2 protein chains.
Amino acid sequence: MLGRMTTKDARAAGLARLASLAADETRAACLLALLDGRAWTAGELARHCRVAASTLSEHLGKLVAGGLLAEERQGRHRYVRLADARVAQLVEDLAAQVAPGAAERPRTLRQSGAGSAMARGRTCYDHLAGRLGIAVTDALTARGLLRQDTGFALTDAGLRWFGAAGIALDRPGRRPLARACLDWTERRPHLAGVAGAALCRHALDAGWCVRIGSERAVKVTEAGERALSELLGVEAAALR
Amino acid sequence: MLGRMTTKDARAAGLARLASLAADETRAACLLALLDGRAWTAGELARHCRVAASTLSEHLGKLVAGGLLAEERQGRHRYVRLADARVAQLVEDLAAQVAPGAAERPRTLRQSGAGSAMARGRTCYDHLAGRLGIAVTDALTARGLLRQDTGFALTDAGLRWFGAAGIALDRPGRRPLARACLDWTERRPHLAGVAGAALCRHALDAGWCVRIGSERAVKVTEAGERALSELLGVEAAALR
DNA sequence: CGCACGCTTCGGCCCTCACCGAAGCGTCCG
DNA sequence: CGGACGCTTCGGTGAGGGCCGAAGCGTGCG
């Protein structure tokens with residue numbers, strides 16, 4: 001491997017370097033944990049992964065150097081989060097690829113309890129997932145606001161719906177307005193991209209749903225059930 | 001890491017195992033080479049990667065066992081190809097993530113020659129890429145056949161266009177009809193998914209373009225220029 | 001039939017890297 | 001100001017894995 005570098009070699013080396021960041025179980029656990037879109041401290045991640053703080057510190061160094069994580073120092077804390085939506089999508093895609101067959105197996109009661117809260121509704125980086133995310137996506141599709149049969153895009157009626165609901169769709173950079181994200185509990189695509197993020201933010205801001213516990217799970221409020229029913233015709237039963 | 005397995009640990013372990021398949025430079029080079037969508041023999045890949053046949057044999061074993069590659073034995077040859085479109089998309093996504101900034105650098109004349117043929121037109125697994133792929137995608141968009149502003153989906157007019165052109169859009173399984181694939185030379189999305197694959201196959205079958213050399217590059221024929229101009233209004237200048 | 005060829009298996013080498021505990025550094029609080 | 005706390009650096013250890021050449025096995029050609 002000592003020959004002069006060709007373009008092809010450089011691409012392969014870059015790909016290998018990127019993949020190696022996720023090729024360690026502890027770093028993979030960090031990436032999955034950070035998929036909730038929030039910033040974690042190094043200590044929280046160390047406890048979550050059950051490794052020494054020193055070990056995790058080295059992992060964070062690599063993930064930050066590799067561009068997958070962004071860090072923010074506050075006092076004696078080191079907060080890290082996924083660098084951007086691109087990275088989040090990549091981790092999601094990788095996790096979705098591995099999921100087939102691995103996710104469903106008997107769990108203990110306590111875990112299945114937490115699991116079912118996650119399955120009901122959760123955030124996936126910056127948008128809604130779980131049965132909640134699917135229900136919203138399906139409702140948008142059924143009402144002709146989102147088109148899934150020929151790809152994945154909002155319709156003109158969909159654009160108007162977001163406007164009427166008072167949900168602004170700012171477009172920063174080249175991020176797509178609507179994108180499909182494979183839901184790993186439901187095994188079906190839910191709405192991601194700018195529209196998914198705006199909808200999730202609005203749902204949290206307007207009190208349609210609230211975060212429960214310190215994890216990614218969210219719970220739909222009564223006001224949220226009313227709003228989703230009125231605006232999208234979502235059945236309350238689809239959220240349980 | 002000896003505690004009882006939780007669901008979370010299993011997900012992280014699976015993600016790490018998947019990523020580790022691409023975390024080696026030789027295996028990464030194999031995956032990138034196989035992105036042309038064709039089947040390579042083990043020996044071809046070994047020469048391509050400049051490693052001993054025995055080394056490459058072990059790599060292929062891991063990639064096949066990991067589900068990334070499908071193999072087919074014919075006589076004393078072992079042909080391998082990417083397992084399916086999902087895997088191809090994953091490799092593309094990973095490669096696109098690493099590309100920013102790494103792809104453009106001065107090359108030798110010979111390499112830049114090969115590079116410019118690749119940049120003009122090539123296959124990306126099973127669809128068209130390079131300036132050719134972008135030109136087609138842009139033409140579809142300009143004619144209102146493909147919608148990119150609110151996501152990525154064919155329009156009803158687009159569905160009719162495929163029908164009128166005699167290009168069948170069979171939908172095997174859950175693969176999306178239209179999907180955006182980031183072009184690593186043009187840095188913009190081109191058409192992938194069922195429609196992209198059907199269009200590419202039709203272009204090759206109808207002689208709109210032909211493969212040149214033994215690599216991924218393709219060349220638009222005169223008949224292809226006429227057809228693309230008539231059917232989509234693609235300017236010949238956009239293909240050079 | 002026998003040799004050439006493509007691929008695989010095996011043994012051994014060496015490098016990489018995840019892990020830990022101890023020690024050090026900076027921040028925050030009492 | 002001193003101690004608790006969060007994080008980082010460092011040295012050492014051990015496991016894993018990529019690499020090769022040699023040898024083995026099966027296929028296909030002359």
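Chain letters run A, B, ... following the sequence lines, proteins first, then strands; residues in each count from 1. Everything numeric here is computed off the predicted structure, so don't read it as measured data.
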Protein-nucleotide distance ([X], atom [atom1]; [N], atom [atom2]), rounded to Å:
| X | N | atom1 | atom2 | answer |
| --- | --- | --- | --- | --- |
| Leu21(B) | dG17(D) | CG | C1' | 13 Å |
| Arg50(A) | dC19(C) | CZ | P | 13 Å |
| Glu25(A) | dC19(C) | CD | P | 9 Å |
| Leu45(A) | dG6(D) | CG | P | 14 Å |
| Leu60(A) | dC19(C) | CG | P | 12 Å |
| Tyr79(A) | dC7(D) | OH | P | 9 Å |
| Arg27(B) | dC19(D) | CZ | C1' | 12 Å |
| His77(B) | dT8(C) | NE2 | P | 12 Å |

Closest to side chain of [X], choosing from [options]:
| X | options | answer |
| --- | --- | --- |
| Arg78(A) | dT8(C), dC19(D), dC7(D) | dC7(D) |
| Ala52(A) | dC20(C), dC20(D), dC7(C) | dC20(C) |
| Lys62(A) | dC7(C), dA18(C), dT9(D) | dA18(C) |
| Ser57(B) | dT8(C), dT9(D), dC20(D) | dT8(C) |
| Thr55(B) | dT8(C), dC19(D), dA18(C) | dC19(D) |

> Can you say whether the rings of His48(B) and Trp40(B) are parallel (under 30°), tilted (30 to 60°) or perpendicular (over 60°)?
Replying inline: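 If you compare the ring of His48(B) with that of Trp40(B), the planes turn out perpendicular.
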>> Ring-plane angle category for Trp208(A) and His202(A), please: parallel below 30°, perpendicular beyond 60°, tilted otherwise.
In response: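 Plane angle over 60°, so perpendicular.
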> If you measure only the distance, is there a donor-acceptor pair under 3.5 Å linking the side chains of Arg122(A) and Thr185(A)?
Replying inline: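 Their side chains do contain a donor-acceptor pair, which is all the 3.5 Å distance test asks for.
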> Among side-chain atoms of Arg211(A) and Thr123(A), is any donor-acceptor pair under 3.5 angstrom?
Replying inline: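 Side-chain D/A pair, Arg211(A) to Thr123(A): present.
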>> Can you work out whether Glu44(B) or Glu58(B) has the more 5'-proximal nearest nucleotide on DNA chain C?
In response: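 That would be Glu44(B).
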[X] side chain N/O closer than 4.0 Å to the phosphate oxygens (OP1, OP2) of [N]?
| X | N | value |
| --- | --- | --- |
| His59(A) | dC19(C) | yes |
| Thr26(B) | dG18(D) | no |
| Arg73(B) | dT8(C) | yes |

>> Using a 4.0 Å heavy-atom cut-off, does Arg47(B) contact any base of the nucleic acid, only the sugar-phosphate backbone, or nothing at all?
In response: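 Nothing, no nucleic acid heavy atom in range.
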> For every nucleotide of nucleotides 22-30 of chain C, 5' to 3': is a protein heavy atom under 4.0 Å from its base (B), only from its sugar-phosphate (S), or from neither (-)?
Replying inline: B----BS--
>> Salt bridge check, Arg86(A) against Asp84(A): does any charged N sit closer than 4.0 Å to a carboxylate O?
In response: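 Salt bridge between Asp84(A) and Arg86(A), a charged N being under 4.0 Å from a carboxylate O: no.
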>> If the threshold is 4.0 Å, N to carboxylate O, is there a salt bridge linking Arg175(A) and Asp126(A)?
In response: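 Looking at Arg175(A) and Asp126(A), the cut-off is met.
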> Say you draw a straight line from CG of Asp205(A) to SG of Cys200(A); how long is it, rounded to the nearest 0.5 Å?
Replying inline: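 Going from the CG atom of Asp205(A) to the SG atom of Cys200(A) covers 9.0 Å.
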> If you measure from CG on Leu182(A) to CZ on Arg187(A), what distance do you get to the nearest 0.5 Å?
Replying inline: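 Separation between the atoms: 7.5 Å.
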